[in-house]
Amino acid sequence: MTVKVYVPKDAAALALGADRVVAAIEREAGERGVAVAIVRNGSRGMHWLEPLVEVVVDHERIAYGPVRAGDVASLFAAGFLEGGDHPLRQGATKDIPFLKQQTRLTFARCGIVDPLSLDDYRRFRGLTGLEKAIAMAPVDIVTEVTDSGLRGRGGAGFPTGIKWKTVLDAAGPQKYIVCNADEGDSGTFADRMIMEGDPFVLIEGMAIAGLATGATKGFIYTRSEYPHAIAAMSAAIEIARREGVLGPSVMGSGRAFDMEVRVGAGAYVCGEETALLNSLEGKRGIVRAKPPLPAHKGLFDCPTVINNVISLASVPIILDRGATFYRDFGMGRSRGTIPIQIAGNVKHGGLYETAFGLSLGEIVDHIAGGTASERPVKAVQVGGPLGAYFPRALFDTPFDYESFAAKDGLIGHAGIVVFDDTVDMLHQARFAMEFCAIESCGKCTPCRIGSTRGVEVADNIAHGVEPEKNRELLADLCNTMKFGSLCALGGFTPYPVMSAMTHFPEDFTPAPRVEGGGMSETEKLKGPASYFPSIEKKYGQPIEHWKAIVRAQEGKAHMQIVAFLKETHGLGHGHANALVAATLAENA
Amino acid sequence: MNLHVSGDVAARTLAIVTAMKGAEGPLLPILHEIQAEFGYVPQDSLPVIARELNLSRAEVHGVVTFYHDFRDHPTGRHVLKLCRAEACQSMGADAVAARVKALLGIDFHQTTLDGAVTLEPVYCLGLCSCAPSAMLDGEVHAGLDAAAATELVREARR
Ligand SMILES: Cc1cc2nc3c(=O)[nH]c(=O)nc-3n(C[C@H](O)[C@H](O)[C@H](O)COP(=O)(O)O)c2cc1C
Ligand code: SF4
Ligand code: FES
Ligand code: FES
């Protein structure tokens with residue numbers, strides 16, 4: 001008898017050694033002469049248990065994890081193919097509390113099915129939403145989506161149905177569905193998990209969007225950092241085309257819809273919808289001014305729906321089960337479920353899909369189980385690099401769009417990143433500015449210049465240079481960026497910066513600088529090398545160039561060399577100091 | 001990864017562009033293909049692309065330089081990307097980066113003198129729940145600590 005064994009092919013599982021586990025299982029099974037059929041599924045989202053190996057025993061899936069290749073022999077010895085006991089045994093997968101307590105609508109199949117089996121997909125209610133949509137008038141599909149209360153999961157939370165209505169009503173011989181799969185926010189991986197674990201649901205959602213709006217062509221724009229998602233998605237599209245789900249007559253409806261995957265090139269700003277459209281057109285990823293809205297003049301100036309992966313992947317179940325079913329989950333104006341991505345310094349990291357409304361504290365302390373380091377939680381960044389840092393005092397905030405906005409934050413793409421008490425919030429504020437400087441599309445001055453200035457000002461605070469004046473300057477700068485930027489990159493970078501300064505003021509009043517070359521504790525933590533990329537970028541010279549200059553100052557004291565670099569070479573104080581510290585440390 | 005820029009850059013570029021220019025918005029897919037072919041985007045390929053797509057050379061140059069992925073020079077034999085973003089920071093990515101830099105003797109955006117490894121920063125690999133993470137020649141690695149980072153460098157050095 002052949003035993004069915006599941007070992008995920010999700011990138012997180014691969015990064016933790018899933019392929020080596022597969023090889024070990026095959027080898028061990030071969031030596032023992034037992035027959036196993038290994039299915040490469042997506043991830044269940046319990047990433048601290050990855051690679052999570054599941055064995056089907058009496059029609060039930062029994063979980064073992066986290067399994068390393070070195071554990072495989074002992075698993076066989078313990079009779080894991082019959083569900084035998086072992087220290088890594090987690091019991092029936094569906095009863096693991098982290099999973100059992102979730103409401104899996106969008107992720108209903110993820111981790112359960114073989115991602116590239118259309119039969120599996122059908123067996124778990126796949127394509128029923130699309131079948132229903134085919135029998136409906138376009139306007140009725142749109143109404144269903146509107147009534148479900150679904151709002152965009154990419155960050156802005158705009159009602160999906162209303163966006164679709166605009167495109168439906170727009171005239172044009174060609175319309176497009178563009179799926180924003182550029183998932184660049186730190187702390188997020190829901191899009192990646194869907195594309196790797198249940199790609200057909202995204203295809204189905206996009207096909208429904210096509211039928212609803214009259215668009216016949218779709219693009220999935222994803223990131224070059226996601227090679228596994230690209231491969232899975234492309235393979236699924238190929239299969240869907242072969243099986244007539246995509247093509248000139250979608251499931252025999254006589255209506256056409258097809259799609260392809262496009263890959264970005266490492267620019268965070270291309271997640272912004274208009275920059276993304278420019279990038280798809282083969283241009284620089286510069287943000288466009290609105291209006292015109294993409295719904296009127298989008299890709300190649302044609303009416304275009306642009307939606308996040310999770311928005312589109314939530315559509316099939318809405319069509320299948322009805323708007324009311326979906327709308328009945330959630331709170332206030334945040335309806336349905338949200339896949340919360342728990343990341344950073346946590347015991348139980350992974351994906352947790354649930355109705356809106358859990359408090360941040362419940363998520364961090366109970367679901368995530370606190371920090372991996374076992375130290376106290378100090379701050380939680382919610383909503384990616386443009387999201388605010390929340391202190392414990394705000395842990396009662398319910399997870400929904402409006403509640404987070406009311407606390408000067410955002411839920412964004414629903415990633416939360418937990419930090420323990422070793423984090424230096426001034427360093428995080430500095431990083432937010434630095435990230436904005438690296439990724440700015442360059443169109444507006446507050447974003448492009450303001451972020452670079454922000455890094456310098458943060459450095460000055462760190463170095464005890466007129467801290468009070470510089471804190472005011474930082475707040476001023478944030479204000480300018482917030483109100484003077486065209487898009488949310490420049491406009492929202494102030495969220496992490498200001499929340500760090502507001503909630504953690506103690507980190508913005510470092511001990512006064514020690515003259516004569518000592519580095520403060522924060523600097524030791526950060527390491528001078530962390531400045532190197534911005535130094536190279538700003539002054540256009542390799543680090544070696546500067547180090548040689550520093551070495552040539554032999555005999556001078558640390559601060560004298562810093563002053564020399566500032567005066568004769570125009571370097572900022574922080575940059576000069578980092579170079580001197582790094583170079584002198586090499587000779588020490 | 002990168003290699004032999006033997007043969008005629010212009011001719012090989014032309015073959016790629018000719019095969020791909022029928023797509024809607026073909027420039028990014030073409031540039032990815034060129035980088036896959038040569039290991040970077042050679043200066044000499046730009047005029048060919050511009051001519052074939054009916055763009056000015058400045059436009060093509062503008063696109064190539066806008067995106068972090070496209071390089072104008074070859075990399076080392078291996079490319080090691082370390083995630084520098086927040087979730088990885090919360091789990092000690094800065095310390096991992098410092099160790100890797102020390103082991104390789106280079107900083108980000110540099111290549112070891114023996115041409116073995118190019119070190120690059122990356123801002124999130126979507127492995128934020130098992131941080132810190134890295135990518136070595138397209139293979140992902142997560143849950144790095146000092147020992148795993150050392151092992152990764154050893155692998156890259158090979
Ligand atoms: C700098 C920046 C980056 C963004 N990145 C993404 C992204 O990676 N994925 C995404 O879906 N939306 C992203 N957005 C939001 C999009 O502009 C847009 O709101 C979204 O694609 C709309 O789809 P939705 O309504 O389904 O959320 C980003 C916005 C900005 C300003
Ligand atoms: S805010 Fe920044 S990223 Fe956005 S349009 Fe302006 S310069 Fe570009
Ligand atoms: S010690 Fe940090 S600036 Fe002088
Ligand atoms: S922040 Fe490093 S993988 Fe996401």
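Letters go in sequence order (proteins before strands), and every chain restarts at 1.
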**Student:** Less than 4.0 angstrom from a charged side-chain N to a carboxylate O is my criterion; do B:Arg84 and B:Asp94 meet it?
**Tutor:**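 Salt bridge between B:Arg84 and B:Asp94, a charged N being under 4.0 Å from a carboxylate O: yes.
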**Student:** Heavy-atom cut-off 4.5 Å, strictly under: side chain, backbone, both or neither for A:Glu50 against chain B?
**Tutor:** neither
**Student:** Does B:Arg157, at its CZ atom, have more than 12 non-hydrogen atoms belonging to other residues, nucleotides or ligands within less than 6.0 Å?
**Tutor:**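 Yes, the 6.0 Å shell around CZ holds more than 12 heavy atoms from other groups.
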**Student:** Any side-chain to backbone donor/acceptor pair from A:Glu260 onto A:Gly218? Under 3.5 Å, distance only.
**Tutor:** no
**Student:** Heavy atoms only, distances under 4.5 angstrom: which of A:Val263, A:Asp191, A:Ile342 has the most pairs with chain B? Name it, please.
**Tutor:**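 The option with the most such pairs is A:Val263.
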**Student:** Between A:Ala12, A:Ala229, A:Gly187, which has the largest tally of heavy atom pairs under 4.5 Å with chain B?
**Tutor:**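 So the answer, after comparing A:Ala12, A:Ala229, A:Gly187, is A:Gly187.
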**Student:** Can we say A:Arg192 and A:Asp10 salt-bridge, meaning some charged N sits less than 4.0 Å from an Asp/Glu carboxylate O?
**Tutor:** yes
**Student:** Please flag which part of A:Cys270 lies under 4.5 Å from any non-hydrogen atom of chain B: side chain, backbone, both or neither.
**Tutor:** side chain
**Student:** Pick whichever of B:Gln89, B:Lys81, B:Glu86 has the most heavy-atom pairs under 4.5 Å with chain A.
**Tutor:**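 Most heavy-atom pairs within the cutoff with chain A belong to B:Glu86.
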**Student:** Against chain B, work out which of A:Ala368, A:Gly344, A:Ala265, A:Ala379 has the most heavy-atom pairs shorter than 4.5 Å and name it.
**Tutor:**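 The candidate making the most pairs under 4.5 Å is A:Ala265.
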**Student:** Are A:Asp420 and A:Lys378 within salt-bridge range, i.e. N to O under 4.0 Å?
**Tutor:** no
**Student:** Is chain A contacted by the side chain of B:Lys101, its backbone, both, or neither, given a heavy-atom distance below 4.5 Å?
**Tutor:** side chain
**Student:** Select, from A:Ala432, A:Gly349, A:Ser279, the one with the greatest count of heavy-atom pairs under 4.5 Å involving chain B.
**Tutor:**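 Sorted descending by pairs with chain B, the first entry is A:Ser279.
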**Student:** Taking the side chain from B:Glu139 and the backbone from B:Leu136, do they hold a donor-acceptor pair closer than 3.5 Å?
**Tutor:** no
**Student:** Would the distance check show the side chain of B:His78 and the main-chain N or O of B:Arg158 forming a donor-acceptor pair, the cut-off being under 3.5 Å?
**Tutor:**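 Yes; judged by distance alone, with no hydrogens or angles, the pair exists.
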**Student:** Counting heavy-atom pairs under 4.5 Å with chain A, which one of B:Gly143, B:Pro132, B:Gly126, B:Cys83 comes out on top?
**Tutor:** B:Gly126
**Student:** So which of B:Ser129, B:Gly92, B:Gly25 has the largest heavy-atom pair count under 4.5 angstrom toward chain A?
**Tutor:** B:Ser129
**Student:** What part of A:His348 is in contact with chain B, defined as an atom under 4.5 angstrom from a non-hydrogen atom: side chain, backbone, both or neither?
**Tutor:** neither
**Student:** Please identify which of these residues, B:Thr118, B:Val79, B:Val64, meets the side-chain contact (heavy atoms from CB on, under 4.5 Å) condition with B:Arg71.
**Tutor:** B:Val79
**Student:** Is A:Gln341 reaching over with its side chain to a backbone N or O of A:Gly350, donor-acceptor style, under 3.5 angstrom?
**Tutor:** no
**Student:** Give the member of B:Ser133, B:Ala98, B:Gly62 that has the highest number of heavy-atom pairs under 4.5 Å with chain A.
**Tutor:** B:Gly62
**Student:** I'd like to verify something: which residue of B:Gln35, B:Met91, B:Met135 has the highest number of heavy-atom pairs under 4.5 Å with chain A?
**Tutor:**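 Among the listed options, the one with the most contacts to chain A is B:Met91.
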**Student:** Between A:Tyr268 and B:Tyr123, is the ring centroid distance below 6.0 Å?
**Tutor:** no
**Student:** Tell me which of these, A:His228, A:Arg262, A:Glu544, A:His47, has more heavy-atom pairs under 4.5 Å with chain B than the rest.
**Tutor:**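 Max contact count across the listed options: A:Arg262.
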**Student:** Heavy-atom distance under 4.5 Å to chain B: side chain of A:Phe300, backbone, both or neither?
**Tutor:** side chain
**Student:** A side-chain contact here means heavy atoms from C-beta on lying under 4.5 Å apart; do B:Leu125 and A:Arg223 qualify?
**Tutor:**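 Not touching, per the 4.5 Å side-chain cut-off.
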**Student:** So which part of A:Leu14 gets closer than 4.5 Å to some heavy atom of chain B, the side chain, the backbone, both or neither?
**Tutor:** both
**Student:** Heavy-atom distance under 4.5 Å to chain B: side chain of A:Ser373, backbone, both or neither?
**Tutor:** neither
**Student:** Please check: side-chain N/O of A:Ser499 versus main-chain N/O of A:Tyr495, any donor-acceptor pairing under 3.5 Å?
**Tutor:** yes
**Student:** More than 12 foreign heavy atoms under 6.0 Å from CZ of A:Arg284: is that the case here?
**Tutor:** no
**Student:** Give, as side chain, backbone, both or neither, the part of A:Ala372 having an atom under 4.5 angstrom from any heavy atom of chain B.
**Tutor:** side chain
**Student:** Side chain, backbone, both or neither: which part of A:Val423 has an atom under 4.5 Å from a heavy atom of chain B?
**Tutor:** neither
**Student:** I would like to know whether B:His109 and A:Phe532 meet ring pair (Phe, Tyr, Trp, His ring centres under 6.0 Å); could you show each step before the answer?
**Tutor:** CA-CA 10 Å; B:His109 305 291; A:Phe532 286 178; over 10 Å; no
**Student:** Select one option (side chain, backbone, both, neither) describing which atoms of B:Val63 are under 4.5 Å from chain A's heavy atoms.
**Tutor:** both
**Student:** Answer with side chain, backbone, both or neither: which region of A:Val418 has an atom nearer than 4.5 Å to a non-hydrogen atom of chain B?
**Tutor:** backbone
**Student:** Between A:Thr222 and A:Glu183, do the side chains contain a donor N or O and an acceptor N or O under 3.5 Å apart?
**Tutor:** no
**Student:** Check whether A:Ile438 gets within reach of chain B through its side chain, its backbone, both or neither, counting any heavy atom under 4.5 Å.
**Tutor:** both
**Student:** Which atoms of A:Pro385 come close to chain B, meaning under 4.5 Å heavy atom to heavy atom: side chain ones, backbone ones, both, or neither?
**Tutor:**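 Contact with chain B: backbone and side chain both.
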**Student:** Identify which part of A:Gln428 has an atom lying under 4.5 Å from any heavy atom of chain B, answering side chain, backbone, both or neither.
**Tutor:** side chain
**Student:** Identify which of A:Met193, A:Glu439, A:Glu281 forms the greatest number of heavy-atom pairs closer than 4.5 Å to chain B.
**Tutor:** A:Glu439
**Student:** Tell me, side chain or backbone of A:Asp185 under 4.5 Å from chain B's heavy atoms, or both, or neither?
**Tutor:**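 Backbone only.
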